[in-house]
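Presented below is the structure to which this report refers.
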Amino acid sequence: MRFTIVVQGGPYTSQASLSAWHFARAVVATGHEIYRVFFYHDGVYNGNSLLTPPQDETDLHMAWCTLGRDHGCELVVCIASALRRGMLDDGEARRYEKPLANLNKLFIVSGLGQLIDGAISADRTVTFGN
Amino acid sequence: MRFTIVVQGGPYTSQASLSAWHFARAVVATGHEIYRVFFYHDGVYNGNSLLTPPQDETDLHMAWCTLGRDHGCELVVCIASALRRGMLDDGEARRYEKPLANLNKLFIVSGLGQLIDGAISADRTVTFGN
Amino acid sequence: MPANPGTQNAPSIGTTAGPAERPNKTLLFVQSQAPHGTLYGQEGLDAIMMGSAFTECAVLFVGDGIYQLLANQDTSLLASRNYSVSYRALADYGVEKLYCTEADLQQRGLTVADLVVTPCVIDSRALQALMTSFDVILDF
Amino acid sequence: MPANPGTQNAPSIGTTAGPAERPNKTLLFVQSQAPHGTLYGQEGLDAIMMGSAFTECAVLFVGDGIYQLLANQDTSLLASRNYSVSYRALADYGVEKLYCTEADLQQRGLTVADLVVTPCVIDSRALQALMTSFDVILDF
Amino acid sequence: MILHTLNKSPEHAALGRCCETIATGDVLVLLEDGVYCGSAGRDRQVGELLAQNIAVYAINADVQARGLAVRMTRGVTLIDYEGFVQLCTEQASSKRWG
Amino acid sequence: MILHTLNKSPEHAALGRCCETIATGDVLVLLEDGVYCGSAGRDRQVGELLAQNIAVYAINADVQARGLAVRMTRGVTLIDYEGFVQLCTEQASSKRWG
């Protein structure tokens, strides 16, 4: 089956991101497929390439990147949530004349249509939030 | 009287930051003094210079910057909270070999000692959180 | 991407399905937070409007979520966005099915006359049936 | 900055005050969230340890906050930090006054024997007096 | 005495815990979603505090934003942020419930 | 049928709302702070669901992390994340309570 995973909580602040990541790994481990991980609300903070957690804690940003790279999972960040929270890719940084981008290139900035498409196109949609 | 204001919520996500900012302005407007604004937990996201809210919404990052500049309020971001959430100043970005800093220079990165000192040294400490 | 966000007035399930196409899944959006205290309501409403361009959508207000529809919200002192009025526009997006429960209204001393739009008031048995009748539930 | 974070074992209020110095304010830290679900507990504990270097500190556990002290937490499967054991170190930091209420324990089917440290169990009247007896309350 | 702030609706345990703990002479400030605790139909516990002569305030900006202007319980005093600051100066400390 | 997830302790209104809405044939997965709802002393409502033959699961990693391994109510089945995925495939949709 194909899963869309919706992440609404920020890393560390709430457990939502950690739970979603464990769930995503289990989807892959059980032979299912991740259609898309959609980061909404504070979930967009997972794409912050500057996350610097203590060395003895799980690096959630790197964990998502690894999942995206190793399994080709699409990691999509909601553009409206991201702009409001200051998570920018190169294109948005240029457009809004900000000096830099902090979103990892493995994360795709896109619209809410990707959430709806994910919900419609995947076999199952599971949400993790605060 | 001198106030220390503790902000534990992220901008927009919860109302805590907006309430704290209204309160801070009222402290100044009523002739009192802000000893320090201490940003803890998700409050550190208020220092993100990349925040790009919709044009018809209050720009909380700029609002704090204005308060800091116009009234000389000390805006202190907890370093442990900030690192974990990827809010870095130039020094921390260099130290952790990250390519860029996203914390506005009007915000000071410092330790939890500044929270304790704020609580001890101010006449009143008021916390805004989720 | 199989979905086509072309039509604004989402036809009901089945009628959109062309010969080689599966019918679109139907979506139930659930709003469960009070407005302004968190951004869930506002960002949830954005998602509902987007959903209406793709497929059949309905909205369920549970618990404090019903407060999002309370009339006469005035956010000018708060310097925040009064998005409650946008719920009136949902019908133009083809989202005409709004639901809440009798218990949630009563517990809050509210009637539908207090709200900016008029949701369908259901009991908990109908709530179970409602949730089962949609393909996907999206929670805010 | 007037405070001096030099001493680890915080003496009680009054004894630190030198001739030209006001006595340090005393701090009551309040932990009100369960562990792991949010970061409040862990970041609150960091603040308590820092506080102990400055002045007299005590910790009040209210509601689900008492769950932070539950013994036998094992976060290895979760890949999260088990900071509950650090509460045992608080005494070394001079923080010896930990409080919770009888009602909160009972409501959760807990006794102090279930906890990694032994807080002082108080009733709600004593809780009022406790909160009033500290200069500053810091909530997590 | 203590200024208590409450920023959650009556759905949350914070309200009950605040009411158990608040003492005569303390004051309560309802802000953000806490203002629902002082609105018609949700005000049982706040009513009990008022009956005990505990002063209850609500931030007007939050009341207006939530459409509660005509629904607030008699006895709950609406204040602006300046009034909130003033109350803070009058009480020895503050405690947040949320 | 629906897979319900609950990630809040019994202090929150989410538990009651979930229990009102869950139907025969649905399943409940307790995760994060939701696992407290299936622990000794806090399990009244989960006990009622079990009595109605509604299957209740709890994420083992969350149970262990919170020190609840020996305190979980008999009848609540501990699962790992793989088990959670499996349950999702068996139910038509999922609903989050929090």
Side-chain angles (χ1 to χ4, degrees), chain C residues 13 22-34 37-41 43-44 47-48 51 55-68 99-108 110 120-140, chain F residues 1-37 44-59 62 81 84-98:
Chain C
I13 181 166
R22 281 190 303 178
N24 261 354
K25 291 192 172 187
T26 55
L27 307 183
L28 179 66
F29 293 84
V30 183
Q31 290 274 28
S32 59
Q33 306 289 324
T38 70
L39 203 60
Y40 277 102
E43 295 196 327
I48 296 163
T55 185
E56 182 187 338
C57 297
V59 190
L60 168 66
F61 297 86
V62 297
D64 285 345
I66 192 63
Y67 280 134
Q68 291 189 42
Y99 300 91
C100 70
T101 70
E102 181 64 35
D104 280 330
L105 284 176
Q106 271 183 5
Q107 198 187 345
R108 288 163 185 78
L110 301 177
C120 182
V121 182
I122 59 177
D123 64 15
S124 75
R125 186 169 295 267
L127 182 59
Q128 290 180 350
L130 180 76
M131 297 203 326
T132 308
S133 70
F134 284 82
D135 294 313
V136 182
I137 302 171
L138 290 172
D139 292 291
F140 296 97
Chain F
M1 306 317 294
I2 298 175
L3 179 142
H4 300 255
T5 64
L6 174 65
N7 75 336
K8 292 291 186 303
S9 93
E11 284 209 346
H12 289 73
L15 171 62
R17 205 162 300 138
C18 170
C19 291
E20 274 165 33
T21 312
I22 200 165
T24 309
D26 289 355
V27 304
L28 172 60
V29 174
L30 305 172
L31 77 158
E32 303 171 6
D33 288 348
V35 298
Y36 291 114
C37 300
R44 187 179 58 77
Q45 284 142 300
V46 160
E48 289 170 11
L49 296 183
L50 292 169
Q52 295 168 53
N53 287 316
I54 289 170
V56 181
Y57 302 86
I59 301 290
D62 286 319
Y81 293 99
F84 186 6
V85 171
Q86 175 64 27
L87 288 172
C88 289
T89 66
E90 293 167 7
Q91 303 295 316
S93 64
S94 71
K95 163 83 187 87
R96 187 179 100 73
W97 301 97

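Proteins get letters first, then strands, A, B, ... in listed order; numbering begins at 1 in each.
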For [X], which atoms come within 4.5 Å of any heavy atom of chain C: side chain, backbone, both, or neither?
{"X": "F:R17", "value": "side chain"}
{"X": "F:A92", "value": "backbone"}
{"X": "F:S94", "value": "backbone"}

CZ/C:F140 to CZ/F:R96 distance, rounded to the nearest 0.5 angstrom? 10.5 Å

To the nearest 0.5 angstrom, please state how far the CE atom of F:M1 sits from the OG1 atom of C:T132.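 That separation rounds to 5.0 Å.
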
Check F:T21 against C:Q128 and note the closest heavy-atom contact, atom names and distance. O-CG, 2.9 Å

Where do F:I2 and C:I137 come nearest, in terms of heavy atoms and distance?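 It is CD1-CD1, 4.1 Å.
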
Under 3.5 Å donor-acceptor, F:E20 side chain and C:S124 backbone: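 No, F:E20 side chain to C:S124 backbone: no donor-acceptor pair under 3.5 Å.
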
Side chain to side chain, C:V136 and F:S93, heavy atoms closer than 4.5 Å: no

